[in-house]
Amino acid sequence: MSEKKNVRLSVLDLAPIPQGATPRDAFHNSLALARQAEALGYQRYWLAEHHNMTGIASAATAVLIGYLAANTEKLQLGSGGIMLPNHAPLVIAEQFGTLASLYPGRIDLGLGRAPGSDQRTMMALRRHLSSAQADTFPDDVQELINWFDAETDEQPPVQPVPGLGMKIPVWLLGSSLYSAQLSAKMGLPFAFASHFAPDQLFQALHLYRENFQPSARLARPYATVCINVVAADSDKDARFLFTSQQQQFINLRRGKPGPLPAPVQNMDSLWSPSEQYGVQQALSMSLVGDGDKIRHGLAALLRETQADEIMVNGQIHDPQARLRSFAIAMDAARAL
């Protein structure tokens with residue numbers, strides 16, 4: 001490795017359920033990927049909260065984090081993210097306090113402001129989607145941090161057990177400028193979801209870095225950029241694998257989410273010109289190709305964003321091809 005950049009590469013896992021598979025299969029696939037990520041030296045491994053999506057198995061995010069932590073040894077695990085409007089902060093503090101007690105030093109709490117679901121599902125989660133509710137997000141984040149950063153002699157009237165004083169790392173996640181500004185104000189690390197919402201990436205990074213206020217938790221800005229990587233031994237094979245994610249996005253936009261589709265040789269008959277444009281725009285922060293193409297793409301991304309860490313998502317139908325893709329991505333990062 002030349003003039004080592006020490007590229008920090010991490011995993012975002014949506015625990016995809018491929019067509020013909022079950023959530024149990026998805027959990028076993030996630031464990032296989034987590035074990036590989038640990039062996040290859042990935043920085044961290046995050047799982048994302050989604051609800052009412054039959055192609056994503058990570059709704060009970062904290063439970064799945066516990067399963068992976070119990071079956072790995074040192075991998076840093078966390079949420080990318082917990083959608084805080086869906087939960088009482090005390091419950092999240094207790095869940096992650098429990099995880100951090102069982103697996104000390106290995107648990108991250110990434111927080112998002114979006115619901116990760118539709119309004120009807122929000123109602124089923126016993127939370128009401130309203131502007132007043134959304135406006136409590138900064139207070140909810142601060143409440144969590146106050147509990148986690150409490151001194152040993154503090155005895156607040158309500159406290160998470162476990163969780164109080166545990167210094168659990170807290171990140172803010174976002175796909176717009178809101179969380180960039182809030183994480184800068186609160187002195188927290190920030191992760192941008194450019195894997196599905198790339199439009200405001202550079203503006204968000206600029207706002208975050210320009211407005212960052214050092215805190216007891218973080219002395220200087222720390223920005224993670226999340227992208228899609230679908231790698232294979234040839235560009236043709238990678239493009240073929242990538243059609244699963246393209247189909248998934250079409251289905252989401254049509255209001256018909258479902259299991260992760262099998263790849264196809266040609267997308268032309270599956271999308272309209274407007275759908276093609278929309279999907280390609282949403283997935284524009286994707287590296288698809290062989291190892292050389294991934295290496296050049298990572299180098300360009302680091303140069304353009306100055307990211308402290310790159311998080312990789314890969315919605316790939318075949319579990320073995322997914323493992324191979326993440327192995328190629330790490331080889332490409334090491335070659336920088």
Side-chain angles (χ1 to χ4, degrees), residues 1-12 37 40-46 48 76 78-81 108-113 141 169-231 281-289 291-314 325-326 328-336:
M1 287 184 280
S2 62
E3 236 185 270
K4 293 216 173 215
K5 297 186 180 186
N6 286 325
V7 180
R8 297 182 180 97
L9 209 61
S10 295
V11 177
L12 176 66
L40 292 176
Y42 274 86
Q43 184 81 10
R44 68 189 80 246
Y45 192 109
W46 281 0
Q76 190 79 15
S79 58
D108 296 329
L109 175 55
L111 297 169
R113 183 173 176 251
V141 174
V170 173
W171 297 62
L172 294 190
L173 285 55
S175 57
S176 66
L177 306 182
Y178 179 92
S179 288
Q181 294 170 306
L182 183 60
S183 52
K185 181 180 178 180
M186 299 184 78
L188 296 173
F190 172 60
F192 192 86
S194 44
H195 61 297
F196 71 88
D199 290 352
Q200 293 183 305
L201 168 63
F202 292 98
Q203 189 179 357
L205 292 176
H206 176 76
L207 273 175
Y208 172 62
R209 290 166 176 150
E210 285 295 307
N211 296 288
F212 183 82
Q213 299 176 24
S215 69
R217 284 180 157 255
L218 193 64
R220 58 185 62 85
Y222 190 97
T224 294
V225 173
C226 186
I227 63 168
N228 303 295
V229 172
V230 177
Q281 176 65 21
L283 300 179
S284 61
M285 294 297 288
S286 301
L287 302 179
V288 181
D292 283 342
K293 191 164 185 179
I294 303 304
R295 177 171 55 85
H296 288 300
L298 289 175
L301 181 69
L302 286 167
R303 184 172 60 250
E304 292 165 4
T305 65
Q306 296 297 304
D308 298 288
E309 189 172 325
I310 297 173
M311 186 159 276
V312 174
N313 175 51
S325 178
F326 278 90
I328 292 171
M330 180 54 79
D331 286 343
R334 285 177 174 159
L336 292 175

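A donor-acceptor pair under 3.5 Å links the side-chain atoms of Y42 to the main chain of F326, judged by distance alone.
The salt bridge (charged side-chain N to carboxylate O under 4.0 Å, His left out) pairs that include a residue from residues 302-311 are R44-E309, where partners are two or more places apart or lie in different chains. The stretch residues 179-198 participates, sequence neighbours left out, in these ring pair (Phe, Tyr, Trp, His ring centres under 6.0 Å) pairs: F190-Y208. Listed by first and then second residue, the salt bridge (charged side-chain N to carboxylate O under 4.0 Å, His left out) pairs that reach into residues 217-230 are D149-R217, sequence neighbours excluded.
Checked against side chain to side chain contact (heavy atoms under 4.5 Å, CB included), T305 has the following partners two or more places apart in sequence or in another chain: L201, F202, L205, V225, L301, A307. Scored by the salt bridge (charged side-chain N to carboxylate O under 4.0 Å, His left out) test, D292 finds R295 as partners (sequence neighbours excluded). Annotation: ring pair (Phe, Tyr, Trp, His ring centres under 6.0 Å) contacts of Y45 (sequence neighbours excluded): none. Partners of W46 by ring pair (Phe, Tyr, Trp, His ring centres under 6.0 Å), not counting sequence neighbours, listed by chain and number: W171. Applying the side-chain hydrogen bond (donor to acceptor under 3.5 Å, both in side chains) test to D199 and every residue at least two apart in sequence or in another chain returns Q281.
When all heavy atoms are compared, the tightest approach of A282 to P198 is O-CD, 3.4 Å. Between V229 and A329, the shortest heavy-atom distance links the atoms CG1-CB, 4.1 Å. When all heavy atoms of C226 and S194 are compared, the pair lying nearest together is O-OG, 2.6 Å. Nearest heavy atoms, I328 versus A231: CG2-CB, 3.6 Å.
The CG atom of L287 sits 4.0 Å away from the CD1 atom of I227 when rounded to the nearest 0.5 Å. The line from CG of L12 to OG1 of T224 is 11.0 Å long, rounded to the nearest 0.5 Å. Annotation: the span from L207 atom CG to Q200 atom CD amounts to 9.0 Å, rounded to 0.5 Å. Note: L298 CG to I310 CD1 = 5.0 Å, rounded to the nearest 0.5 Å. For the atom pair OG (S79) and CG (D108), the distance works out to 7.5 Å, reported to the nearest 0.5 Å. Note that the CG atom of N313 and the CG atom of N228 stand 5.0 Å from one another [nearest 0.5 Å].
Enclosure of atom NE2 in H206 is not indicated, since only 12 or fewer non-hydrogen atoms of other residues, nucleotides or ligands lie within 6.0 angstrom.
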Below 3.5 Å, can you tabulate the donor-acceptor pairs from side chains in residues 181-189 to any protein atom, sequence neighbours excluded?
{"unit_1": "S183", "atom_1": "OG", "unit_2": "S179", "atom_2": "O", "d": "2.6"}
{"unit_1": "S183", "atom_1": "OG", "unit_2": "A180", "atom_2": "O", "d": "3.1"}

Report the C-alpha separation of V141 and L172 in whole Å, then their side-chain angles, then the decisive distance to 0.1 Å, and conclude whether the side-chain contact (heavy atoms from CB on, under 4.5 Å) test is met. CA-CA 9 Å; V141 174; L172 294 190; 4.1 Å; yes

